[in-house]
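To keep things clear, I will list the structure first and then write my remarks on it.
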There are 2 protein chains.
Amino acid sequence: MARQVMSDKMLDLVARRFRTLGEPYRLRILQELEAGEKSVGELVAALEGNQPNISKHLQVLFDGGLIGRRREGTSIFYAISDPMVFKLCALVCSSEAEKSRRDYEALAGQQRQVKR
Amino acid sequence: MARQVMSDKMLDLVARRFRTLGEPYRLRILQELEAGEKSVGELVAALEGNQPNISKHLQVLFDGGLIGRRREGTSIFYAISDPMVFKLCALVCSSEAEKSRRDYEALAGQQRQVKR
DNA sequence: GGAATATATCACTATGTAGTAATACAGTAG
DNA sequence: CTACTGTATTACTACATAGTGATATATTCC
């Protein structure tokens, strides 16, 4: 299989998506939405943040195509539109877990052969 | 399967990793390294960037645990240390491709039912 | 030792963006 | 129409970081 090189345009798109996910608060919002769609007010209550900030993060996620929204009365409900994000998070989580396992073993090894 | 909620610490780690990948230039560096380890000089030549900037990006990738390095004479060779990044990119790429396919079809549908 | 090469680091500027308070806007109820 | 509720937007500050030229550090060669 030939190595697939991404075009500059694709690199920008991919980097932009990673940046959208590169914010802990937005990951928390996505986690809340994983259980099902929620209104802005429900998110504000669940995350104990202030409303303008959450609205802004929701806008970023929406612009990035990660979530969708629908209006119902005066409320607006947001929902995951691309479940891929959870696969991404799972991959990173397992990688982090692996990394800390290695770090731990390296530390243990260092302890074992400690001088003096 | 219960929904797995990440701790705040894990959220920070994951977000940090996404941010590390959220830069087109760093993705290009990773792409170059996918073919095999390269020295800083080789990367500077391949990417046509200036050396301090590339060294800085390499440092960020190194700190993030995505690449490793070894010295050989005065040169320093960098190499991928966590191939997970390519799985991540592949996932995002396919998602982007799917998204643009949907956008295209939505546009085509709009054309079909154009008014007047 | 000194010169040359490869890389890292520093200092600085410019840009992006998170957080936040105030305000605007849209929908609903009376 | 007015008051009220839920959400978005604006204006601003603070902070992080990408790019860049100058400089420091480390290794090899003489």
Side-chain angles (χ1 to χ4, degrees), chain A residues 8 11-33 36-81, chain B residues 8-9 11-33 36-79 81:
Chain A
D8 283 7
L11 283 174
D12 278 344
L13 280 174
V14 174
R16 182 166 169 280
R17 173 147 305 189
F18 282 134
R19 246 177 296 131
T20 302
L21 293 172
E23 176 59 43
Y25 213 100
R26 283 199 283 273
L27 294 180
R28 290 187 61 191
I29 291 176
L30 290 173
Q31 265 193 165
E32 285 298 325
L33 294 181
E37 72 170 8
K38 281 196 168 60
S39 71
V40 177
E42 288 170 333
L43 288 171
V44 170
L47 298 174
E48 297 168 0
N50 69 9
Q51 179 264 319
N53 192 26
I54 290 187
S55 277
K56 208 160 79 169
H57 282 306
L58 286 169
Q59 191 64 45
V60 172
L61 291 167
F62 181 78
D63 291 343
L66 296 177
I67 60 178
R69 64 182 161 202
R70 72 182 176 84
R71 164 153 244 146
E72 186 177 307
T74 64
S75 294
I76 297 190
F77 285 83
Y78 284 89
I80 301 293
S81 70
Chain B
D8 282 8
K9 195 179 146 203
L11 283 174
D12 278 344
L13 280 173
V14 173
R16 182 166 169 278
R17 173 146 303 187
F18 281 134
R19 246 179 296 132
T20 302
L21 294 171
E23 176 60 44
Y25 212 100
R26 283 198 283 271
L27 294 180
R28 290 187 61 194
I29 291 176
L30 291 173
Q31 266 192 165
E32 286 296 326
L33 294 181
E37 71 169 7
K38 280 196 169 60
S39 71
V40 177
E42 288 170 334
L43 287 171
V44 169
L47 297 175
E48 297 168 359
N50 70 8
Q51 179 264 317
N53 193 27
I54 290 188
S55 277
K56 210 159 78 167
H57 282 306
L58 286 169
Q59 192 63 45
V60 173
L61 291 168
F62 181 78
D63 290 344
L66 297 177
I67 61 179
R69 64 183 161 201
R70 70 182 177 85
R71 167 152 242 148
E72 186 177 308
T74 63
S75 294
I76 297 190
F77 286 83
Y78 284 89
S81 70

Can you check whether [X] has a side-chain N or O nearer than 4.0 Å to OP1 or OP2 of [N]?
| X | N | answer |
| --- | --- | --- |
| A:Ser55 | D:dA8 | yes |
| B:Ser75 | C:dT7 | yes |
| A:Arg71 | D:dT7 | no |
| B:Gln59 | C:dA8 | no |

Please give, in whole Å, the distance from [N] [atom2] to [X] [atom1]?
| X | N | atom1 | atom2 | value |
| --- | --- | --- | --- | --- |
| B:Asp63 | D:dT17 | CG | P | 11 Å |
| B:Lys56 | C:dT13 | NZ | C1' | 11 Å |
| A:Glu23 | C:dG16 | CD | P | 17 Å |
| B:Asn50 | D:dG21 | CG | P | 7 Å |
| A:Leu61 | C:dT17 | CG | P | 13 Å |
| B:His57 | C:dA8 | NE2 | P | 13 Å |
| A:Arg19 | C:dT15 | CZ | P | 16 Å |
| B:Tyr25 | C:dG16 | OH | C1' | 20 Å |

Do A:Arg69 and A:Gln59 pass the side chain to side chain contact (heavy atoms under 4.5 Å, CB included) test, and can you show the C-alpha distance, the side-chain angles, and the key distance before you say yes or no?
CA-CA 10 Å; A:Arg69 64 182 161 202; A:Gln59 191 64 45; 3.4 Å; yes
Can you figure out which of [options] approaches the side chain of [X] most closely?
| X | options | value |
| --- | --- | --- |
| A:Val60 | C:dA18, D:dT5, C:dA8 | C:dA18 |
| B:Tyr78 | C:dA8, D:dT28, C:dT20 | C:dA8 |
| B:Pro52 | C:dA6, D:dT5, C:dT9 | C:dT9 |
| B:Asn53 | D:dG19, D:dA8, C:dT9 | D:dG19 |
| B:Gln51 | D:dG6, C:dA18, C:dT7 | C:dT7 |
| A:Ile76 | C:dA21, D:dA18, D:dA8 | D:dA8 |

Under 4.0 angstrom, heavy atoms only, what part of the nucleic acid is A:Phe62 near: base, sugar-phosphate, or nothing?
nothing
Nearest-nucleotide check on DNA chain C, B:Val40 vs A:Glu72; residue mapping nearer the 5' end is B:Val40
Please report the interatomic distance CD1(A:Ile76) to CG(A:Leu58), rounded to the nearest 0.5 Å.
9.5 Å
In Å and rounded to the nearest 0.5 Å, what is the CZ to CG distance from B:Arg17 to A:Leu21?
14.0 Å
What is the ring orientation for A:Tyr25 with A:His57, classed by angle as parallel under 30°, tilted 30 to 60°, or perpendicular over 60°?
parallel
Hey, what's the ring geometry for B:Phe62 with B:Tyr78, parallel, tilted or perpendicular (30° and 60° as the breaks)?
perpendicular
